[in-house]
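Each chain gets a letter, A, B and so on, in the order the sequences are listed, and its residues count up from 1.
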Amino acid sequence: MPELPEVETICRTLRAGFPTSPSLIGLTIIDGQIFWPRSLETPSVAEFSDRISGQSINQINRRGKFILITLSRDTLLIHLRMSGDLFTEQGNVPIATHHRMVINFQNGLRLAFNDPRKFGRVWLVSDPETVTGGLGPEPLDENFTAVDFFGRLRASRRQLKALLLDQSFLAGLGNIYTDESLHLAHIHPLLHSQNVTEEQAARLLVSIRQVLNDAIQRNGSSIDWVYRGGDFQNYFRAYDRDGHPCPECGTIIQRIKVGQRGTHFCPQCQRLP
DNA sequence: ACGAGCGCCTGTCGGC
DNA sequence: TGCCGACAGGCGCTCG
């Protein structure tokens with residue numbers, strides 16, 4: 001469940017709360033349980049519960065694809081990777097098959113980290129920068145300009161698709177939203193970043209923001225068994241649409257491999273020079 | 001500096 | 001029906 005719009009949707013849900021999912025802000029932690037030790041990056045499983053016990057939740061934010069839960073003394077960071085999910089539930093229901101961690105609260109609620117593929121990771125640290133320090137800029141940050149973006153692109157010599165997936169270049173894009181952004185911007189995924197024009201860079205940044213904002217508006221994308229109520233998957237332009245007509249020109253969307261990742265594009269709208 | 005390949009994991013789907 | 005490989009929203013590592 002893992003790109004920026006889905007993570008943003010999860011943070012918003014945990015923060016604001018709904019009748020079916022009360023807000024976590026202000027809740028006090030009784031203890032934490034780890035069911036798959038490798039899901040916990042730091043500290044040790046032995047230290048985790050003692051250290052988190054008694055702290056309360058002050059804030060819930062997102063940085064790139066990381067969920068940051070600011071506690072009284074520490075920060076709990078969660079990265080969902082490929083199949084992770086984070087939600088509240090009543091503290092008395094049985095622990096589900098793929099739960100890797102739960103946090104129990106004084107009011108009887110529980111925060112559950114569910115992750116079938118076990119790729120997700122949890123950190124409990126005093127300084128979140130030690131985890132997120134290597135991330136690139138936030139694409140939706142208004143202080144990040146097209147000029148900045150162009151400069152960063154020109155400083156690299158990589159294929160655009162691979163570069164946009166690199167979290168130290170830009171934080172938050174994954175396979176879906178990279179394909180969607182490049183299609184909206186009419187830029188080929190294999191174009192090398194040092195050949196991007198200033199006009200293309202500006203167009204790509206606008207496209208990235210439009211795609212991310214549209215997806216956030218729709219609560220992200222729900223695919224396969226990982227369902228969160230988002231419906232952006234019904235508005236995909238290119239991702240997972242190989243063999244289907246391009247929504248703009250009708251040409252059949254193609255699928256290639258770029259850096260091990262399935263990549264979808266329109267050979268008519270997105271041309272290499 | 002960059003790309004390819006692999007490991008980490010479970011579940012689903014299509015082909016035979 | 002069953003088996004088997006390919007594939008999936010990510011990312012860190014090693015090796016040329």
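Here B/dG11 presents its C1' atom at 16 Å from CG of A/Asp85, a figure rounded to the nearest Å. Computed from coordinates, the A/Leu4 CG to C/dG9 C1' distance equals 13 Å when rounded to whole Å. If you take CG of A/Asn114 and P of B/dT10, they are 13 Å apart, rounded to a whole angstrom. Rounded to whole Å, the distance from CG on A/Leu86 to C1' on C/dG9 is 16 Å. Taking atom CE of residue A/Met82 and atom C1' of nucleotide C/dA6, one finds them 13 Å apart after rounding to whole Å. The nearest whole Å value for the distance from the CZ atom in A/Phe113 to the P atom in B/dC9 is 13 Å.
Rounded to whole Å, the separation between the P atoms of C/dC7 and B/dG5 comes to 13 Å. One P atom belongs to B/dC6, the other to C/dG5, and the distance between them is 16 Å to the nearest Å. Distance noted for atom P between B/dG7 and C/dA6: 14 Å (whole Å). Comparing the P positions of B/dA1 and C/dG10 gives a spacing of 25 Å, expressed to the nearest Å.
Here A/Arg62 pairs with A/Glu138 in a salt bridge; the nearest charged N to carboxylate O distance falls below 4.0 Å. Under the 4.0 Å criterion applied to side-chain N and carboxylate O atoms, A/Arg12 and A/Glu8 are not assigned as salt-bridge partners.
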Wobble G-U and Watson-Crick pairs count when both distances are under 3.5 Å; given that, what is the 5' to 3' dot-bracket string of DNA chain B, with | for pairing to other strands? .|||||||.|||||||
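Within 6.0 Å of CZ in A/Arg157 there are 12 or fewer heavy atoms belonging to other residues, nucleotides or ligands. Other residues, nucleotides and ligands contribute more than 12 heavy atoms inside 6.0 Å of the CD atom of A/Gln194.
Contact check, A/Lys118 against B/dT10: a side-chain N or O comes under 4.0 Å of OP1 or OP2. In terms of phosphate contacts, A/Arg38 brings a side-chain nitrogen or oxygen within less than 4.0 Å of OP1 or OP2 of B/dC9. Contact annotation: A/His98 does not reach the phosphate of B/dC9 (side-chain N/O to OP1 or OP2, under 4.0 Å).
Among B/dT10, C/dG9, B/dG3, the nucleotide with an atom closest to any side-chain atom of A/Tyr239 is C/dG9. Listed nucleotides B/dT10, B/dG3, C/dG10 differ in distance to A/Ala162; the shortest reach to its side chain belongs to B/dG3. Distance from the side chain of A/Gln260 is smallest for B/dC6 among the nucleotides C/dG9, B/dG11, B/dC6.
Nucleic acid contact class of A/Lys257 (heavy atoms, under 4.0 Å, all strands): sugar-phosphate only.
Within the model, atoms CD1 of A/Ile187 and CD of A/Gln200 stand 5.0 Å from one another, a figure rounded to the nearest 0.5 Å.
Listed by first and then second residue, the salt bridge (charged side-chain N to carboxylate O under 4.0 Å, His left out) pairs that reach into residues 260-273 of chain A come to none, sequence neighbours excluded. The salt bridge (charged side-chain N to carboxylate O under 4.0 Å, His left out) analysis of residues 51-60 of chain A, with sequence neighbours excluded, yields the pairs A/Glu47-A/Arg51, A/Arg51-A/Asp74. The salt bridge (charged side-chain N to carboxylate O under 4.0 Å, His left out) pairs that include a residue from residues 170-190 of chain A are A/Lys161-A/Asp179, where partners are two or more places apart or lie in different chains. Identified under the side-chain hydrogen bond (donor to acceptor under 3.5 Å, both in side chains) test for residues 30-45 of chain A, with sequence neighbours left out: A/Asp31-A/Asn104, A/Gln33-A/Asn104, A/Glu41-A/Arg121.
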Step-by-step side chain to side chain donor-acceptor pair (under 3.5 Å) determination, A/Asn58 to A/Thr70: CA-CA 5 Å; A/Asn58 290 341; A/Thr70 307; over 6 Å; no
Verdict with supporting geometry, A/Phe35 and A/His99, ring-ring contact (aromatic ring centres under 6.0 Å, His included): CA-CA 7 Å; A/Phe35 304 110; A/His99 279 13; 7.3 Å; no
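Of the residues in residues 153-160 of chain A, those placing a heavy atom less than 4.0 Å from an atom of DNA chain B are A/Ser156, A/Arg157, A/Arg158, A/Gln159, in numerical order. Of the residues in residues 119-133 of chain A, A/Phe119 come within less than 4.0 Å of DNA chain B through at least one heavy atom, sorted by number.
Not counting sequence neighbours, A/Glu142 has no partner by the side chain to side chain contact (heavy atoms under 4.5 Å, CB included) test. Taking the ring-ring contact (aromatic ring centres under 6.0 Å, His included) definition, one finds that A/His79 meets it with A/Phe66, sequence neighbours left out. Residues satisfying the side chain to side chain contact (heavy atoms under 4.5 Å, CB included) test with A/Ile252, not counting sequence neighbours, are none.
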Reading nucleotides 11-16 of chain C from 5' to 3' and marking B where a protein heavy atom lies under 4.0 Å of the base, S where only the sugar-phosphate is that close, and - otherwise, the string is S-----
Listing, residues 123-131 of chain A side-chain donor-acceptor contacts under 3.5 Å, not counting sequence neighbours, or none:
{"from": "A/Asp127", "atom 1": "OD1", "to": "A/Glu129", "atom 2": "N", "distance (Å)": "3.0"}
{"from": "A/Thr130", "atom 1": "OG1", "to": "A/Asp127", "atom 2": "O", "distance (Å)": "2.8"}

